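Just so you know, these numbers come straight off a predicted model, no measurement behind them.
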There are 2 protein chains.
Amino acid sequence: MNSNQEVIRRLSRYRNVMRKMKGLGLVKVFSDNLADAVGVSPSLVRKDFSMFNLTGNKRGGYRIDDLVTKLNTLLGKDKKQKIIIIGCGKLGQALMNHNGFPRVGIRVVAGFDSDPAVLNAEAPIPILHVKDIKEFIAENEIRVAALTVPEPAAQGMIDTLRKTCVKGVINFAPLTLKSSDDFLIHNMNIEQEIENLFYNIHFAESNPVENLVA
Amino acid sequence: MNSNQEVIRRLSRYRNVMRKMKGLGLVKVFSDNLADAVGVSPSLVRKDFSMFNLTGNKRGGYRIDDLVTKLNTLLGKDKKQKIIIIGCGKLGQALMNHNGFPRVGIRVVAGFDSDPAVLNAEAPIPILHVKDIKEFIAENEIRVAALTVPEPAAQGMIDTLRKTCVKGVINFAPLTLKSSDDFLIHNMNIEQEIENLFYNIHFAESNPVENLVA
DNA sequence: AATATATTGTGAAACAAGTAACTTTATAAT
DNA sequence: ATTATAAAGTTACTTGTTTCACAATATATT
């Protein structure tokens, strides 16, 4: 029906905001409130909900409890979401210990690396050798991996993962890996985002073509 | 003129691909080649270039050297791009030592934290106390910061940064901070991307509304 | 109980982005 | 020199997304 990524991201954000509201003791919420909190228009909030049959009450707004529950089901948050980290350099290890994950029901079950120096099979979250990755993925039914290997190793690892039951990868290597219908790749290109910021800061107000020609 | 973020990200990608092509000894490139390499359509490549007056030769394609130079100017890559890292936990320290940055002309000039245990003013990239951040930003004319503080501290730090000459922030805290025209925030919400992957893997092929209602 | 009002839900309109197809022109071949 | 052709540059079309505006209706007020 709907393969729009942005809607789903917004649903996550509505959910997160409502969980905080709930923490504050709020019971119901209006499209207006959510719009302010998330930074979108009220009509978009209503449209998004309407697309997924998430209903409220005319004049009464949306019941937070109800909506969070429905969003949890919709987003698959009622199940534990297991991931592995491939590449245990600084960034990989930061992700392994990232305490934002447990809070939203994401569990890092293992790390993988090719450097014997960082391996540690006995750690709470074991760091294993990449040679064993296929077996581990199969045994533990891993569906999502975070890729934090050096750029030159990224494409090769994707080729390996494609032969496993992994179906989605979040890529931190500074190149844009191509997604497909049956194997999703979300690229987190930090360098690109920073370049983008600099571009917008320097040139956004003036005419960029002028800058180039002048 | 144009505030479409995606075009700019694509320009970065064209540039990165062309730099690699240049490394292979290639001299000219066609919209077709770039399209394949970046994963977009050839007409989009031509349109993107055309929007920024980046011209090639009919039948001769684009001269890589020429185009990379023009893209460097356009993207502001002819100047060193200085950033600071706010929050020197695991993720912040990983970014401080991230070797993808120097390769694309981004330089991390300092880290900031409130925990005395991690401070180190003498390190090659000093880690300073956040109380000194405003002064540092002013003296060093910092325009872009990476925010890797815990979620509860994020909004407060944004409020502080708004009073400085920082104009852009890349935010890693798991909440979506709101951008404005004069203060840009790009959110790198890792949790959200992972949730999104799980959603797409589990539900994309079936009808999500069914999943919810059933 | 009747009326007023606030808020949802939705179809139409407006907008933005990307694609496809056409026109132009530089290069290559004859 | 002439002709053919490949690729850029451009215009029009298509598609998808967001906003707008209003009808429907649940709650609150009198």
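- C:dT8 atom C1' lies 15 Å from atom CG of A:Asp66, rounded to whole Å.
- For B:Ser31, whose side chain is taken as the heavy atoms from C-beta onward, the closest listed nucleotide among C:dT19, C:dT8, D:dA8 is D:dA8.
- Regarding A:Phe30, its CZ atom lies at a distance of 11 Å from the C1' atom of C:dT8, rounded to whole Å.
- Looking at the side chain of A:Lys47, the nearest of the listed nucleotides C:dG18, C:dG9, D:dT19 is D:dT19.
- With A:Tyr62 as the fixed residue, the side-chain contact (heavy atoms from CB on, under 4.5 Å) test singles out one of A:Asn33, A:Leu67, A:Leu54: A:Leu67.
- Within the nucleic acid shown, B:Ser43 comes within 4.0 Å of at least one base atom, counting heavy atoms only.
- If you take CZ of A:Phe52 and C1' of C:dT10, they are 16 Å apart, rounded to a whole angstrom.
- Here the side chain of A:Asp113 pairs a donor or acceptor atom with the backbone of A:Asp115 at under 3.5 angstrom.
- Atoms CE (B:Met51) and C1' (D:dT11) sit 14 Å apart, rounded to a whole Å.
- In terms of the side-chain hydrogen bond (donor to acceptor under 3.5 Å, both in side chains) criterion, residue partners of A:Lys77 (sequence neighbours excluded) are, by chain and number, A:Gln81, B:Glu195.
- Separating the CZ atom of B:Arg46 from the P atom of C:dT19 is a distance of 12 Å, rounded to the nearest angstrom.
- With hydrogens and angles ignored, the 3.5 Å screen pairs a side-chain donor or acceptor of B:Lys82 with a backbone N or O of B:Asn140.
- Rounded to an integer number of Å, the gap from CG of A:Leu44 to C1' of D:dC20 is 13 Å.
- Within the 4.0 Å cut-off from OP1 or OP2 of D:dT18, at least one side-chain nitrogen or oxygen of A:Arg10 is found.
- Looking only at distances, no side-chain donor or acceptor of A:Arg15 sits under 3.5 Å from a matching main-chain atom of A:Leu71.
- Checked by distance alone, A:Arg59 brings no side-chain donor or acceptor within 3.5 Å of a matching partner on the base of C:dT8.
- A salt bridge links A:Arg103 with B:Glu151: the distance from a Lys NZ or Arg NE/NH1/NH2 to an Asp or Glu carboxylate oxygen falls below 4.0 Å.
- In this structure, B:Phe198 and B:His202 have parallel ring planes: the angle between them is below the 30° cut-off, well short of the 60° mark.
- B:Leu34 has its CG atom 13 Å from the P atom of D:dA7, to the nearest Å.
- Computed from C1' positions of five pairs at each end, the angle between the two local axes of the helix from C:dA1-D:dT30 to C:dT30-D:dA1 equals 10°, rounded to 10 degrees.
- Among the atoms of the strands shown, only primed sugar atoms or phosphate atoms (P, OP1, OP2) are found under 4.0 Å from some heavy atom of B:Tyr62.
- Close to D:dT18, at under 4.0 Å from its OP1 or OP2, lies no side-chain N or O of A:Ser41.
- If A:Gly60 and B:Lys58 are placed on DNA chain C by their nearest nucleotide, the residue sitting closer to the 5' end is A:Gly60.
- In this structure, the OH atom of A:Tyr14 is 12 Å from the P atom of C:dT8, given to the nearest Å.
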